[in-house]
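These values consider heavy atoms only, across backbone and side chains, with no hydrogens, waters or symmetry-generated copies.
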Amino acid sequence: MDVLVLLVCLILGVSYIFLSLLKWNERKYGRKGLPPGTMGWPVFGETLKFLEKGPDFMIRQQARYGNVFKSHILGSPTIISMDPELNRYILLNESKGLVPGYPQSTLDVLGENNIGAVSGSTHKKIRGSLMLLISSSAIKDQMLPKMDRDMRIFLQNWDGKTIDIQEKSIDMAFFIALKQIVEEESDSIYQTFKAEFDKLALGSLSLPIKLPGTNYYRGFQGRKYVIKILGEIIENRRACLKTHDDLLSNLLANADPRYELNDEEINDLIIMILDDGYETVSTTAMMAIKYLHDNPQALQELRNEHFMIRQGKSEEQAIDWNDYRMMKFTRAVIYETMRLGTIVNGVMRKATRDVELKDFVVPKGWKIYLYIREINYDSNLYPEPLRFNPWRWLEDTGLESHKYCFLFGGGSRLCPGKELGMVTISLFLHYFVTGYRWEEIGGQSIRKFPRVEAPNGLNAKVFKY
């Protein structure tokens with residue numbers, strides 16, 4: 001009997017502690033004017049549910065609380081908006097008390113001078129510097145010939161090999177970007193630099209717990225090593241008179257005093273360029289290959305376009321800007337891949353003061369997560385939204401510019417590397433589909449949250465076409 005009483009007391013005590021902990025964040029962050037929702041556990045909030053369940057978590061909370069609800073994710077109290085109109089308003093009105101709100105792990109690992117993290121005059125300066133480097137004219141006249149050469153090198157000798165398309169896509173995006181940034185030094189630093197950057201990228205979206213063995217700790221260590229390598233290259237270049245024709249040399253030259261960057265800003269800008277390729281370009285390239293494999297008609301249409309472009313060209317002749325501008329179906333494939341693959345799930349902002357939005361308030365210091373994923377599956381915008389249909393972008397030329405198309409962000413933060421990314425993926429597809437055919441090996445599972453990835457790789461046997 002005494003044992004039974006003790007057991008009951010223990011159960012009641014544990015239950016009380018459990019419920020108290022569960023209510024801790026509710027009390028800590030409770031105030032008037034907030035939308036409904038739940039806050040989860042102390043410190044961790046609902047981060048684990050968010051990272052594990054992703055879209056299912058969002059849809060469930062939306063069903064319970066509506067298009068706008070509160071939560072506690074990635075270390076911060078957060079209001080999540082699945083309202084298209086509200087998301088568009090915020091993207092176009094950044095200056096009204098809302099600034100970029102990256103998670104702390106992203107700030108620590110990618111850098112506080114990352115273009116996506118800064119605002120105001122600093123954002124204008126860094127964006128201006130970047131646009132000088134990767135403007136359409138710079139891509140056309142300086143970057144494209146080198147990219148064509150390097151893409152050929154990267155894709156050579158794949159005939160008869162079994163490859164992991166996910167791994168190759170990441171390697172491709174990183175290889176091409178690093179060549180553009182530090183052309184001469186890239187070969188000697190590639191292996192060690194890439195290994196450390198892999199850690200950096202993994203830690204950029206993680207719980208900010210700085211303990212050995214965590215992704216955050218590894219990401220932080222990776223960043224330190226990457227900065228060390230870049231610092232040595234910058235020091236060596238300043239010490240010698242040799243000229244270089246790459247992005248780093250242009251950054252160090254400070255051609256326009258309006259956009260002059262210090263070394264910390266240069267480091268973070270380079271990391272951002274590499275990370276964008278690592279995340280967005282590589283993932284889009286991988287998913288494009290996956291969707292084309294599963295949709296033979298689209299693959300044949302793409303091949304036809306690229307073989308037509310190659311007509312009259314020798315095997316060694318490079319793709320030029322006019323050829324790229326002819327890749328209409330390729331562009332449609334990329335847009336449809338980004339839409340259906342939901343390469344970008346959303347963006348975060350942070351309130352610098354109490355901000356009133358519709359019928360609720362974003363308290364100062366809180367984040368607001370503009371969750372745009374479900375817009376990509378709106379059947380009113382995209383009939384049969386779960387079907388891979390690149391032709392929709394050709395039949396309705398206004399799709400790229402409709403007011404809820406946030407594939408590349410919006411407002412003053414429209415992705416500055418959009419055109420460079422499109423060119424990189426287009427070149428990759430050009431040389432891959434004209435040079436090879438491929439067969440997938442084994443069951444291929446794709447996870448789409450928090451990153452789009454193939455957990456077991458996307459393996460394929462490649463043959464010369």
Salt bridge check, [Y] against [X]: does any charged N sit closer than 4.0 Å to a carboxylate O?
X    : Y    : result
R392 : E395 : no
E453 : K448 : no
D294 : K290 : yes
R223 : D108 : no

*Quick one: list whatever passes salt bridge (Lys or Arg N to Asp or Glu O under 4.0 Å) with E85, sequence neighbours left out.*
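Scan of E85 (salt bridge (Lys or Arg N to Asp or Glu O under 4.0 Å), adjacent residues dropped) gives K403.
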
*Residues two or more places apart in sequence or in another chain: which of them pass salt bridge (Lys or Arg N to Asp or Glu O under 4.0 Å) with D198?*
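For D198 the salt bridge (Lys or Arg N to Asp or Glu O under 4.0 Å) partners, ignoring immediate neighbours, are K194.
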
For the student: nearest non-hydrogen atoms of [X] and [Y], plus distance:
X    : Y    : result
N262 : E265 : OD1-N, 2.8 Å
N114 : G116 : OD1-N, 2.8 Å
A288 : V333 : CB-CG1, 4.4 Å
L261 : S129 : CD1-OG, 3.5 Å

*side-chain contact (heavy atoms from CB on, under 4.5 Å) evaluation trace for I368 with L357*: CA-CA 11 Å; I368 180 164; L357 293 170; 4.0 Å; yes

What I want to check is whether the side chains of [X] and [Y] have a donor and an acceptor closer together than 3.5 Å.
X    : Y    : answer
E384 : S379 : no
S136 : E419 : no
R339 : N376 : no
N459 : E440 : no
S76  : Q104 : no
N87  : S81  : yes

*Using the ring of each side chain (for Trp, its six-membered ring), is F174 parallel, tilted or perpendicular to F193, with breaks at 30° and 60°?*
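Ring orientation of F174 relative to F193: tilted.
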
*Would you call the rings of F57 and F50 parallel, tilted or perpendicular if under 30° counts as parallel and over 60° as perpendicular?*
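Aromatic pair F57/F50 classed perpendicular.
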
*Working for ring pair (Phe, Tyr, Trp, His ring centres under 6.0 Å), residues W391 and F329*: CA-CA 8 Å; W391 290 273; F329 189 72; 5.2 Å; yes

Would you indicate whether [X], at its atom [atom1], is surrounded by more than 12 heavy atoms from other residues, nucleotides or ligands within a distance under 6.0 Å?
X    : atom1 : answer
K224 : NZ    : no
K124 : NZ    : no
E400 : CD    : yes
K125 : NZ    : yes
E232 : CD    : yes

_Can you confirm whether or not the ring centre of Y335 sits under 6.0 Å from the ring centre of F408?_
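For Y335 and F408, the ring centres are under 6.0 Å apart.
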
Can you check whether [Y]'s main-chain N or O pairs, donor with acceptor, with [X]'s side chain at less than 3.5 Å?
X    : Y    : answer
S282 : Y278 : yes
T106 : S204 : yes
T47  : L74  : yes
T214 : K210 : no
Y436 : W158 : yes

*Run the numbers on E336 and N389 for side chain to side chain donor-acceptor pair (under 3.5 Å), then give the verdict.*
CA-CA 7 Å; E336 184 70 350; N389 177 17; 5.8 Å; no

*Under 6.0 Å from the six-membered ring centre of F406 and within 45° of its axis: does the NZ or CZ of R88 meet both?*
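Relative to the ring axis of F406, which defines the angle, R88 lies outside at least one limit.
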
*Considering only heavy atoms from C-beta outward, does the side chain of H72 approach that of E46 to under 4.5 Å?*
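Of all side-chain heavy-atom pairs linking E46 with H72, none is under 4.5 Å.
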
*Under a 4.5 Å cut-off applied to non-hydrogen side-chain atoms, are E439 and V462 in contact?*
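No. Closest side-chain heavy atoms not under 4.5 Å.
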
_Pair T283, Q166 - check side chain to side chain donor-acceptor pair (under 3.5 Å), show working._
CA-CA 8 Å; T283 305; Q166 176 171 250; over 6 Å; no

*Given side-chain contact (heavy atoms from CB on, under 4.5 Å), test L200 with R218 step by step and report yes or no.*
CA-CA 7 Å; L200 181 155; R218 284 191 285 264; over 6 Å; no

*Output, in order, the C-alpha distance, side-chain angles, deciding distance and verdict of side-chain contact (heavy atoms from CB on, under 4.5 Å) for L381 and L399.*
CA-CA 8 Å; L381 295 171; L399 271 185; 5.6 Å; no

*Run the side-chain contact (heavy atoms from CB on, under 4.5 Å) check on V109 and Y102 step by step: do they pass?*
CA-CA 11 Å; V109 175; Y102 274 142; over 6 Å; no

*asked:* Does D246 form a salt bridge (charged side-chain N to carboxylate O under 4.0 Å, His left out) with K179? I'd like the steps, not just the answer.
replied: CA-CA 8 Å; D246 54 27; K179 281 283 189 181; over 6 Å; no

